[in-house]
Structure formats: C-alpha cells, structure tokens
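Data block below; observations after.
These figures come from a predicted structure and were not determined experimentally.
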Amino acid sequence: MMNTRRFSARLHTLANRTSRASRTPATQGAAAALALPETRRPSLVDSGIYLDGKRVSSPKSLPDTYRELNHFEGSMAWIGLVRPEESELQSLAAEFNLHELAIEDAVLAHQRSKIERYGETLFVVLRAARYLDSREEIEFSELHVFVGPNFIITVRHGGTPDLAQVRRRLEHDTTLLRLGPEAVLYAILDAVVDGYAPVVSGLENDIDEIETEVFSGDPAVSRRIYELSREVIQFQRSTHPTLGILSALAGGFTKYGISEELQQYLRDVADHTAQANERIEGFRFMLRDILTVNATLVAQRQNEEMKHIAEASNAQNEEVKKISAWAAILFAPTLVGTVYGMNFENMPELGWEYGYPLSIALMAGVSLVLHRIFRNRGWI
C-alpha cells in the first residue's frame with residue numbers, strides 16, 4: 001500500500017495544476033471509500049459486480065461497489081467513470097492499490113497511447129477516434145483503463161468509445177465475461193480499434209474527392225490537402241502505439257496464463273489494428289503524391305497562362321510594328337508636302353518648271369524605299 005501522505009500531497013499538487021478547488025484527502029482503506037458522499041455521483045457512469053460471467057449487483061456509488069465486491073467472493077468489479085474528480089481517483093487508488101503515477105496520468109489526461117504494469121495492475125491508455133465528415137476533422141477521446149486481478153476501471157476523457165455498448169455485449173456473452181478483467185480489456189480494445197474503421201473510410205472518401213478537385217483545377221484544393229494530411233498524421237500518432245500495446249499484451253500471454261480463446265481474440269484485434277495502420281500509412285504517401293501532382297498541375301497552368309500572355313504580347317508587338325511602319329512610310333510624303341505648303345515667296349523651287357514632278361517622285365521614292373525596308377524586316 002502506498003504512503004498516504006505522499007499520495008495525498010501529490011494529488012493536491014495535481015489539483016493546483018488543473019486549477020480545481022482543493023478537496024480533503026481521504027484516508028487509506030475503508031475510510032477512503034467512505035470519504036465520497038453516496039448521494040453524489042458526478043462521474044460514475046456504471047458500476048457492476050460480476051460473478052461467473054453474470055452481473056450480480058449494480059452499486060450506485062464507489063463505497064457500495066467496494067462493499068459489494070468484498071461481499072461476493074471471487075467476483076469482479078467493473079467501474080466506469082467519466083472525467084472523475086481527484087477525490088474519486090484517490091478513493092480508487094486506496095482501495096485497489098493503484099500506483100500514484102498512473103493516477104496522475106488519469107487526472108491530467110493528454111497522454112499518448114501506452115501500457116504499463118504496476119505490480120499486479122495493468123494501466124492502459126487508449127485514444128479513440130471519431131471522424132467529423134462535415135469539418136473533415138478527427139475528434140480524439142482519451143480512455144484510461146486499470147486492470148487488476150478482480151477489477152477493471154475505465155476513465156473516459158471524451159465521448160468515445162461507447163462503453164455502455166461494450167458492457168451490454170459482454171453481459172450477453174457470459175462465456176467471454178467469465179474470463180475476467182482481461183476479457184473486458186479485450187472488448188474495450190476491440191471497440192476502440194473498430195472505431196478506427198469509419199475514420200479510415202471517411203478519410204478515404206475525402207481523398208477521392210481531393211483527387212477529383214486536383215484534376216478539375218480547383219485553386220482551393222492545396223489547403224484541403226494540407227489540412228487532411230495533418231489529420232492523417234495525428235490519426236497515425238494515435239493508432240500506431242496501439243500495435244505496441246497489443247504486442248506487449250501478447251508477450252505476457254504465457255507468463256500470466258491468458259486463455260487460448262482470449263489470445264485468439266487479441267490477435268484478431270491486432271490484425272485489424274495493423275490493417276488500419278497500413279491504410280493510414282498509405283494515405284500519407286497518397287496525399288504527399290497528390291500534393292506533388294497538384295503543384296505540378298498548378299505550375300503547368302501557370303506556364304500555359306504565361307505562354308498565352310506572351311503570345312498576346314507578341315501579337316500586340318506585331319501590330320505595333322505594322323502601325324509604326326505605315327506611319328513612317330506616310331511620314332515621308334507628308335514631310336515633303338508640308339515643306340512645299342509653307343507659301344513663302346523666296347523658295348527657289350516654287351518657280352522651277354520641274355519642281356512639282358520632282359517632289360512627287362521624291363515622295364513616291366522615299367515611300368517605296370521605306371516599304372521595301374520594312375517588308376524585308378517582316379514588319380509589314
């Protein structure tokens with residue numbers, strides 16, 4: 001049994017971290033159980049005492065659960081909590097000899113998926129997932145499970161998975177429930193892993209939509225690819241450690257005498273987890289390739305746009321050349337005609353007999369020369 005003063009002080013520290021009001025610490029053993037008022041049940045969702053796979057009692061409070069568990073010899077307690085208070089976890093720790101580090105994790109939450117053994121008690125942290133298709137986001141929930149020789153305690157920090165459904169399933173399958181707390185842990189693992197399948201399907205549907213948008217030229221698809229890639233990475237961080245948990249459980253099959261039937265169930269869960277992780281890994285590579293293809297297509301579209309702009313600019317330059325060439329051709333006779341239209345009396349060519357034919361010939365000659373020059377250069 002852990003030192004009560006050290007444990008209480010640590011829980012008060014946790015209370016300060018989470019900005020909650022400090023509560024009077026309970027004493028060890030039965031006094032700790034009685035510290036919880038029986039009329040208040042803020043976080044106890046369900047509590048059941050099971051004997052030989054059948055539910056024999058449904059206590060309404062933690063103290064009642066402790067008494068009923070001691071009353072039915074050889075029974076198992078299954079206690080379900082949602083965001084419990086520190087005092088409730090302290091009561092459970094004192095009654096079932098739970099390690100203070102595991103209690104600290106259960107209070108603070110925000111833990112990675114893991115499995116740890118403290119003496120005869122297993123402490124498992126799982127991360128369940130639910131896909132919100134309208135927002136293309138994955139909602140994660142944290143689940144802490146304490147598994148002992150005659151008890152299993154679940155602490156949920158979120159809405160998934162639906163442990164009430166898991167409990168109903170096991171209560172209808174007394175053969176499995178008769179195998180004890182390890183069977184309940186299997187059923188919880190199975191529910192968490194089964195919850196990954198809809199998430200995988202939702203991600204796959206969104207990736208299919210993204211592929212269509214990429215080739216349709218939707219300019220907003222790059223942001224969608226990035227955001228979905230981030231969700232896939234976060235999902236993989238939650239699911240991949242589950243393989244390690246199942247591997248650790250498999251490693252203890254022989255040492256802790258796990259039945260062959262339960263071993264088969266756990267191997268099936270491990271297989272489903274591996275399949276989910278493989279598909280998630282495939283999504284990561286697929287989104288990376290889609291992002292590369294999208295960048296290539298965007299670059300091609302930009303090049304085509306630049307090409308069209310360049311072609312339009314070249315066409316405009318050609319028109320400007322033609323206009324400039326004709327303007328230069330017309331400028332020569334205009335210059336000559338302007339000079340001879342100034343009406344000065346002392347202009348020597350005004351009285352010359354060949355002045356007019358020469359001026360006409362000069363204008364025509366200059367125009368023809370300019371036309372030949374501009375034509376040779378391709379301007380006209």
Legend entry - Parallel, tilted or perpendicular: rings of Tyr118 and Phe123 (30°, 60°): tilted
Inset, instruction - Give me the ring orientation class for Tyr50 and Trp78: parallel if the planes are under 30° apart, tilted from 30 to 60°, perpendicular past 60°. - result: tilted
Would you name the heavy atoms of [X] and [Y] that are closest together and state the gap between them?
{"X": "Leu243", "Y": "Ala274", "answer": "CD2-N, 3.7 Å"}
{"X": "Ile49", "Y": "Phe72", "answer": "CG2-CD1, 4.1 Å"}
{"X": "Arg168", "Y": "Asp162", "answer": "NH2-OD2, 4.4 Å"}
{"X": "Gly158", "Y": "Arg156", "answer": "O-NH1, 3.0 Å"}
{"X": "Ile115", "Y": "Ala248", "answer": "CG2-CB, 3.8 Å"}
{"X": "Phe146", "Y": "Ala106", "answer": "CZ-CB, 4.1 Å"}

Legend entry - Working for side-chain contact (heavy atoms from CB on, under 4.5 Å), residues Leu81 and Leu92: CA-CA 11 Å; Leu81 302 168; Leu92 291 166; 3.4 Å; yes
Spacing of [atom1] belonging to [X] relative to [atom2] belonging to [Y], to within rounding of 0.5 Å:
{"X": "Glu171", "Y": "Leu176", "atom1": "CD", "atom2": "CG", "answer": "12.5 Å"}
{"X": "Gln263", "Y": "Leu249", "atom1": "CD", "atom2": "CG", "answer": "11.0 Å"}
{"X": "Gln90", "Y": "Glu86", "atom1": "CD", "atom2": "CD", "answer": "9.5 Å"}
{"X": "Met286", "Y": "Asp289", "atom1": "CE", "atom2": "CG", "answer": "8.5 Å"}
{"X": "Tyr66", "Y": "Ser61", "atom1": "OH", "atom2": "OG", "answer": "9.0 Å"}
{"X": "Lys54", "Y": "Leu177", "atom1": "NZ", "atom2": "CG", "answer": "11.5 Å"}

Check the surroundings of atom [atom1] in [X]: do more than 12 heavy atoms from other residues, nucleotides or ligands lie under 6.0 Å from it?
{"X": "His240", "atom1": "NE2", "result": "no"}
{"X": "Glu227", "atom1": "CD", "result": "yes"}
{"X": "Gln165", "atom1": "CD", "result": "no"}

Answer whether the closest heavy-atom distance between the side chains of [X] and [Y] falls below 4.5 Å.
{"X": "Phe151", "Y": "Val184", "value": "no"}
{"X": "Arg178", "Y": "Asp52", "value": "yes"}
{"X": "Asp208", "Y": "Thr212", "value": "no"}
{"X": "Tyr196", "Y": "Thr242", "value": "yes"}
{"X": "Phe96", "Y": "Ile153", "value": "yes"}
{"X": "Arg279", "Y": "Leu203", "value": "no"}
{"X": "Glu136", "Y": "Glu231", "value": "no"}
{"X": "Ser43", "Y": "Arg83", "value": "no"}

Legend entry - Gln275 and Asp271: CA distance, side-chain angles, deciding distance, side-chain hydrogen bond (donor to acceptor under 3.5 Å, both in side chains) verdict: CA-CA 6 Å; Gln275 291 178 8; Asp271 182 60; 3.0 Å; yes
Inset, instruction - Treating Ile, Leu, Val, Met, Phe, Trp and Tyr as nodes and any side-chain heavy-atom pair under 4.5 angstrom as an edge, say whether Val200 and Ile233 lie in one connected cluster. - result: no
Inset, instruction - Determine whether Ile290 and Tyr226 fall in the same hydrophobic cluster, where Ile, Leu, Val, Met, Phe, Trp and Tyr are linked whenever their side-chain heavy atoms lie under 4.5 Å apart. - result: no
Short question: side chain of [X], backbone of [Y] - any donor-acceptor pair under 3.5 Å?
{"X": "Thr273", "Y": "Val269", "value": "yes"}
{"X": "Glu139", "Y": "Leu132", "value": "no"}
{"X": "Asp46", "Y": "Gly80", "value": "no"}

Inset, instruction - Could you point out which residue of Lys114, His99, His144 forms a side chain to side chain donor-acceptor pair (under 3.5 Å) with Asp105? - result: Lys114
Inset, instruction - Report the C-alpha separation of Glu278 and Glu281 in whole Å, then their side-chain angles, then the decisive distance to 0.1 Å, and conclude whether the side-chain contact (heavy atoms from CB on, under 4.5 Å) test is met. - result: CA-CA 5 Å; Glu278 288 174 0; Glu281 184 68 18; 5.7 Å; no
Report yes or no: do [X] and [Y] form a side-chain donor-acceptor pair below 3.5 Å?
{"X": "Thr65", "Y": "Ser47", "answer": "yes"}
{"X": "Tyr131", "Y": "Asn205", "answer": "no"}
{"X": "Gln264", "Y": "Asp268", "answer": "no"}

Legend entry - side-chain contact (heavy atoms from CB on, under 4.5 Å) evaluation trace for Leu69 with Ser75: CA-CA 6 Å; Leu69 180 62; Ser75 61; 3.4 Å; yes
Legend entry - Ring center gap for His157 and His110 short of 6.0 angstrom: no
Inset, instruction - Applying side chain to side chain contact (heavy atoms under 4.5 Å, CB included) between Leu228 and each of Ile210, Leu291, Ile138, report the one that passes. - result: Ile210
Legend entry - Candidate list Leu189, Leu143, Leu126, Asp190, test side chain to side chain contact (heavy atoms under 4.5 Å, CB included), partner Pro161, passing option: Leu143
Inset, instruction - Test side-chain contact (heavy atoms from CB on, under 4.5 Å) on Glu182 and Leu266 and set out the steps. - result: CA-CA 10 Å; Glu182 292 83 3; Leu266 288 172; over 6 Å; no
